[in-house]
Amino acid sequence: MGKTNPGNFFEDFAPGQQLVHATPRTLTEGDAALYTALYGSRFAVQSSASFAMAIGYPEAPLDDLLVFHVVFGKTVPDISLNAVANLGYARGRMGVPVYPGDTLRALSRVIGVKENSNGKTGVVYVNSVGLNQNDEVVVDFIRWVMVQKRDPAHPAPEPEIPDLPDRVAPEDLYLPEGLDPRGYDPELAGSAHFWEDYAVGERIDHGDGMTIEEAEHMMATRLWQNTAKVHFNQYEQAKGRFGRRLVYGGHVISLARALSFNGLGNAFRVAAINAGSHCNPTFAGDTIHAWSEVLERADLPADEGFGALRLRTIATKDRACADFPYRDEQGHIRPEVVLDLDYWVVMPKAEGK
Amino acid sequence: MGKTNPGNFFEDFAPGQQLVHATPRTLTEGDAALYTALYGSRFAVQSSASFAMAIGYPEAPLDDLLVFHVVFGKTVPDISLNAVANLGYARGRMGVPVYPGDTLRALSRVIGVKENSNGKTGVVYVNSVGLNQNDEVVVDFIRWVMVQKRDPAHPAPEPEIPDLPDRVAPEDLYLPEGLDPRGYDPELAGSAHFWEDYAVGERIDHGDGMTIEEAEHMMATRLWQNTAKVHFNQYEQAKGRFGRRLVYGGHVISLARALSFNGLGNAFRVAAINAGSHCNPTFAGDTIHAWSEVLERADLPADEGFGALRLRTIATKDRACADFPYRDEQGHIRPEVVLDLDYWVVMPKAEGK
Amino acid sequence: MGKTNPGNFFEDFAPGQQLVHATPRTLTEGDAALYTALYGSRFAVQSSASFAMAIGYPEAPLDDLLVFHVVFGKTVPDISLNAVANLGYARGRMGVPVYPGDTLRALSRVIGVKENSNGKTGVVYVNSVGLNQNDEVVVDFIRWVMVQKRDPAHPAPEPEIPDLPDRVAPEDLYLPEGLDPRGYDPELAGSAHFWEDYAVGERIDHGDGMTIEEAEHMMATRLWQNTAKVHFNQYEQAKGRFGRRLVYGGHVISLARALSFNGLGNAFRVAAINAGSHCNPTFAGDTIHAWSEVLERADLPADEGFGALRLRTIATKDRACADFPYRDEQGHIRPEVVLDLDYWVVMPKAEGK
């Protein structure tokens with residue numbers, strides 16, 4: 001009796017609560033190959049051991065977003081199985097690089113709760129941390145989700161809303177130790193443009209488009225052991241609001257990041273996710289395009305010849321991005337915008353070479 | 001001339017005959033990653049090297065069903081290329097664990113034949129064995145298939161039907177050596193329920209549903225190098241009885257097993273397949289749900305703190321399992337039931353911890 | 001500004017020009033597993049480390065066509081992003097075997113240009129070479145593509161058309177060093193037919209058919225980091241000539257090669273691609289069948305018990321190959337033929353055993 005996981009409901013969460021998430025996961029070269037097959041990523045550091053070693057990595061690290069998805073996936077059964085909506089991300093920092101053979105696990109702490117006025121749902125804020133087998137942090141992020149109450153009669157808790165920084169401060173960005181840009185070969189990387197070449201306010205249409213298939217987003221989402229039901233069960237979804245399976249938002253993030261190679265080919269590391277919103281739902285059959293704007297340019301704490309760019313990447317469905325679609329004249333996000341992601345990437349500096 | 005494999009027909013089989021199957025296969029971390037992508041399995045022993053090592057494995061073993069599918073796949077070109085139906089499984093025992101880098105091959109022995117009264121087909125019983133590169137048995141099972149005769153005029157052989165045990169006896173279940181439940185962390189495994197917590201007769205609705213896509217079942221079936229034509233060739237199948245490609249029955253077994261994590265999260269090893277029936281065909285677009293009943297609880301021969309549960313897992317298509325669908329009022333298996341699997345799993349005992 | 005890659009146009013190419021292609025790629029067991037999942041290949045040397053080592057390989061090599069696709073994919077952003085058509089291949093020689101862990105990169109040299117009489121397009125001939133991390137050649141081939149001019153007013157260059165050999169001469173075929181056919185087990189390989197058993201002019205219908213799904217060809221093409229837009233963007237393709245995404249021609253080559261196992265099971269190595277033509281477009285939903293003709297039988301330079309067969313393999317869509325479809329009565333290639341591939345394979349000799 002009661003052996004299946006019903007997930008947590010709003011009244012199960014309280015500030016300060018700690019959650020140990022299930023299913024540690026050893027990542028391998030198999031995951032890296034699937035990541036390439038699913039997204040077509042071409043960043044040279046993750047693609048080539050030789051290239052990675054030339055700038056000081058011991059081998060090719062796994063993609064930063066792969067790490068994010070795996071840690072995120074582990075939090076789903078405890079945090080968002082009964083979620084109505086995934087509302088946002090904040091202060092997501094990538095930690096030590098993850099290599100094939102590393103085993104990741106995830107912990108979360110509840111940092112805020114606020115019941116909605118309808119008395120049926122509430123917002124839960126959690127800080128989730130992914131750790132490797134040496135207990136080193138590989139990713140550390142906040143997200144908040146709207147969760148159903150089990151019992152609408154349950155009294156509302158004292159509201160507690162955490163301070164959410166607009167962005168990770170550049171001095172808090174982590175650069176793996178021992179990296180040296182002098183070994184960075186821009187010809188092999190596929191881009192001649194270094195950190196200094198990007199100006200704040202500059203916009204880049206990444207040009208290409210990628211159509212999503214059901215088999216692809218489900219394989220990806222299962223690979224991250226993410227159990228959110230909306231992605232997998234067409235029989236149930238057919239009865240729901242959209243009549244369709246929803247694509248995991250992280251799948252769109254990875255597609256947009258892979259598309260961004262065309263224009264940001266030297267942005268070899270995602271260092272932080274400052275904020276993110278899945279503005280509209282994505283379904284199989286949608287074709288994703290993306291464009292980016294440079295929001296900020298910053299030095300890194302230990303400047304070893306690398307700098308940080310803060311980007312906004314917008315992904316659309318069934319809409320090319322030559323005119324940088326984002327908000328309409330009333331200031332509303334356009335219905336074809338499916339992702340609004342604010343994040344930091346690391347690039348070699350031309351002067352460091 | 002005659003260089004392609006026409007498969008064996010009923011009259012090609014005789015009791016005592018030995019078959020050496022082609023295409024040995026080295027399994028790798030790539031296969032493990034694809035298994036996760038295809039089924040979303042979350043059993044911690046197979047997912048995490050750290051978790052596996054904590055209970056005495058040298059590293060994370062490959063999924064038991066992955067091993068079964070690979071060995072089964074090797075038998076297809078010789079046993080079931082001309083099969084009309086895959087009738088059943090019996091006495092399937094898992095042997096030594098398989099790790100990335102191991103190379104598997106398969107042998108079969110014909111243990112029974114019986115021509116059908118129509119004179120056009122017959123039933124062949126085979127005992128198939130999978131071996132690793134050290135000639136250790138990794139899986140050993142019986143299956144029987146209905147096979148076409150090449151020539152209906154060929155005289156019927158003396159019927160010979162092997163004794164098929166209802167189940168593998170608990171004392172014949174193999175537990176990998178050196179396992180110790182004291183390192184088993186139920187929080188990381190995602191389930192607080194140990195062997196003692198399951199009662200004979202208990203039923204568990206695994207809750208979740210998973211929709212199958214053509215690309216998924218074909219990728220899986222090719223990964224097992226299973227060549228049965230009905231899974232791959234829509235051009236031919238369009239002319240046939242269903243008009244569709246059939247999903248490999250083993251794909252449904254793996255989906256049901258992955259779904260069963262929700263309620264059986266500590267059932268970290270499939271130790272035996274007692275019997276199995278693909279009751280109705282499964283097609284792409286079908287959503288699979290599953291439920292299980294505990295049939296029997298048994299000690300293991302070398303009780304090192306682990307026990308065995310005999311389960312019946314039923315998988316359905318386009319039908320939730322909250323009411324445990326199985327047979328209708330006339331005792332017939334319901335048309336939405338696609339799998340009826342009787343098998344043994346191993347779980348840590350609470351007392352062993 | 002101008003940070004995205006617009007690709008090269010016809011007037012950007014000149015004979016003698018050297019191109020260093022981006023995105024070196026470390027191939028792994030993950031790629032090998034995906035290759036099996038996508039094509040169902042069953043050649044024992046690539047499938048089994050034990051089998052490969054028995055004939056002198058240090059471990060199982062990656063599939064020759066996987067190597068070809070990866071190197072080809074690297075050339076796309078520089079050579080064929082603005083291609084109207086991929087016109088042909090010539091003199092493609094496979095070099096040293098590639099093993100998991102090897103890192104490949106690609107270089108090309110322009111060896112010919114000829115503007116078309118319409119003044120809008122031209123043909124570019126390139127010789128592309130794939131190298132491993134030790135600068136050993138893994139594949140070396142010529143292809144020619146029709147490319148758009150950026151500016152139709154740009155003056156036509158002096159035409160220069162390279163000599164293209166009909167075939168790679170048998171004495172130029174490379175056999176990995178140290179191979180010994182005495183360890184080759186035909187029973188495990190799945191074919192009793194050796195080099196001597198194939199006669200020039202012999203035709204083999206490979207029998208089986210394989211239906212292509214969108215998710216499959218896109219996953220494959222992304223795995224090779226091939227960026228040609230026609231394969232991925234349904235939103236754009238819907239407006240185009242076919243209204244559909246085109247399947248990468250190399251996907252069909254790999255499917256045909258995998259199907260050819262049934263009849264050519266001992267052809268364990270593709271040694272050269274003499275010529276190839278994607279005669280008609282392939283789309284998802286098409287079912288591929290294949291047949292082969294033996295064009296030539298040759299000894300290898302260092303005869304260590306292996307011989308070479310020159311084959312023509314024809315792949316069709318939605319058409320079985322029992323009657324060896326190829327040209328119609330007017331000598332035109334039939335509309336259901338999608339591939340005409342002329343290549344050399346290596347087989348053990350019976351006498352060498």
Side-chain angles (χ1 to χ4, degrees), chain A residues 1-7 19-35 37-38 70 73-74 77-78 81 100-107 132-134 213-229 231-238 245 284, chain B residues 28-44 47-52 59-60 100 185-193 197-199 202 204-216 218-219 258 261-265 284-289 317-320:
Chain A
M1 298 302 106
K3 292 200 171 64
T4 54
N5 173 27
L19 298 114
V20 174
H21 304 299
T23 317
R25 173 86 146 74
T26 303
L27 295 172
T28 70
E29 293 174 343
D31 297 293
L34 272 160
Y35 195 86
L38 289 163
V70 166
K74 310 222 153 309
D78 301 315
L81 210 62
D102 285 352
T103 299
L104 303 190
R105 61 199 174 85
L107 307 170
N132 68 14
Q133 69 280 7
N134 302 319
E213 300 294 319
E214 299 280 13
E216 294 168 359
H217 77 84
M218 292 204 299
M219 287 184 71
T221 311
R222 284 188 297 248
L223 191 62
W224 324 135
Q225 296 174 311
N226 179 326
T227 59
K229 299 164 198 272
H231 308 312
F232 300 116
N233 187 332
Q234 182 56 35
Y235 173 74
E236 280 304 321
Q237 291 301 109
R245 282 163 278 179
Chain B
T28 70
E29 293 174 342
D31 298 294
L34 272 160
Y35 195 87
T36 305
L38 289 163
Y39 304 113
S41 188
R42 290 184 285 147
F43 295 97
S47 179
S48 163
S50 302
F51 193 98
E59 62 181 302
D185 180 336
E187 201 166 30
L188 283 180
S191 171
H193 308 289
D197 298 322
Y198 291 83
E202 181 175 353
I204 302 163
D205 170 19
H206 301 304
D208 304 313
M210 186 72 73
T211 305
I212 298 173
E213 299 296 319
E214 299 280 13
E216 294 168 0
M218 292 203 300
M219 286 184 71
F261 178 86
N262 197 358
L264 291 163
D286 289 347
T287 298
I288 303 300
H289 289 80
K317 56 180 177 185
D318 295 347
R319 170 76 146 82

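Throughout, a chain's letter reflects where its sequence line sits, starting with A, and its residues are numbered from 1. What you see below is based on every heavy atom in this structure, not just the backbone, and it leaves out hydrogens, waters and symmetry mates.
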Do [X] and [Y] touch side chain to side chain, with heavy atoms closer than 4.5 Å?
X: B:T36; Y: A:R25; value: yes
X: B:M210; Y: A:R222; value: yes
X: A:K3; Y: B:D197; value: yes

Main chain of [Y], side chain of [X]: is a donor-acceptor contact present, judged purely on distance under 3.5 Å?
X: B:T211; Y: A:Q234; value: yes
X: A:Q225; Y: B:S41; value: yes
X: B:S47; Y: A:P24; value: yes
X: B:N262; Y: A:N5; value: yes

State the [atom1]-[atom2] distance between [X] and [Y], to the nearest 0.5 angstrom.
X: B:K317; Y: A:Y235; atom1: NZ; atom2: OH; value: 13.0 Å
X: A:T26; Y: B:F51; atom1: OG1; atom2: CZ; value: 11.5 Å
X: A:E214; Y: B:E214; atom1: CD; atom2: CD; value: 13.0 Å
X: A:R105; Y: B:D185; atom1: CZ; atom2: CG; value: 9.5 Å
X: A:K74; Y: B:R42; atom1: NZ; atom2: CZ; value: 9.0 Å

Of the backbone (N, CA, C, O) and the side chain (C-beta and beyond), which part of [X] lies under 4.5 Å from a heavy atom of chain A, both, or neither?
X: B:L38; value: both
X: B:A60; value: neither
X: B:F261; value: side chain
X: B:S191; value: neither
X: B:D286; value: neither

Q) chain B heavy atoms under 4.5 Å from A:P77: which part of the residue, side chain, backbone, both or neither? A) side chain

Q) Which answer fits A:H21, side chain, backbone, both or neither, if we ask what part of it has an atom under 4.5 Å from a heavy atom of chain B? A) backbone

Heavy-atom pair of closest approach, residues [X] and [Y]:
X: A:A22; Y: B:A189; result: CB-C, 4.0 Å
X: B:A33; Y: A:G30; result: CB-C, 3.4 Å
X: A:L34; Y: B:A37; result: CD1-CB, 4.0 Å
X: A:N233; Y: B:H289; result: ND2-NE2, 3.3 Å

Q: Return the option, out of A:L223, A:N226, A:T227, with the maximum number of heavy-atom pairs under 4.5 Å with chain B.
A: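 Heavy-atom pair counts peak at A:L223.
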
Q) When only pairs under 4.5 Å are counted, which of A:H231, A:M218, A:Q133 shares the most heavy-atom pairs with chain B? A) A:M218

Looking only at heavy atoms and a cut-off of under 4.5 Å, which of [options] has the most pairs with chain A?
options: B:A52, B:S50, B:A44; value: B:S50
options: B:G190, B:A215, B:G207, B:G209; value: B:G209
options: B:G265, B:S48, B:G40, B:A320; value: B:S48

Q. Sequence neighbours excluded, which residues qualify as side chain to side chain donor-acceptor pair (under 3.5 Å) partners of B:E29?
A. none

**Q.** Contacts of type ring pair (Phe, Tyr, Trp, His ring centres under 6.0 Å), residue B:Y198, not counting sequence neighbours
**A.**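 So B:Y198 forms no ring pair (Phe, Tyr, Trp, His ring centres under 6.0 Å) with any residue.
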
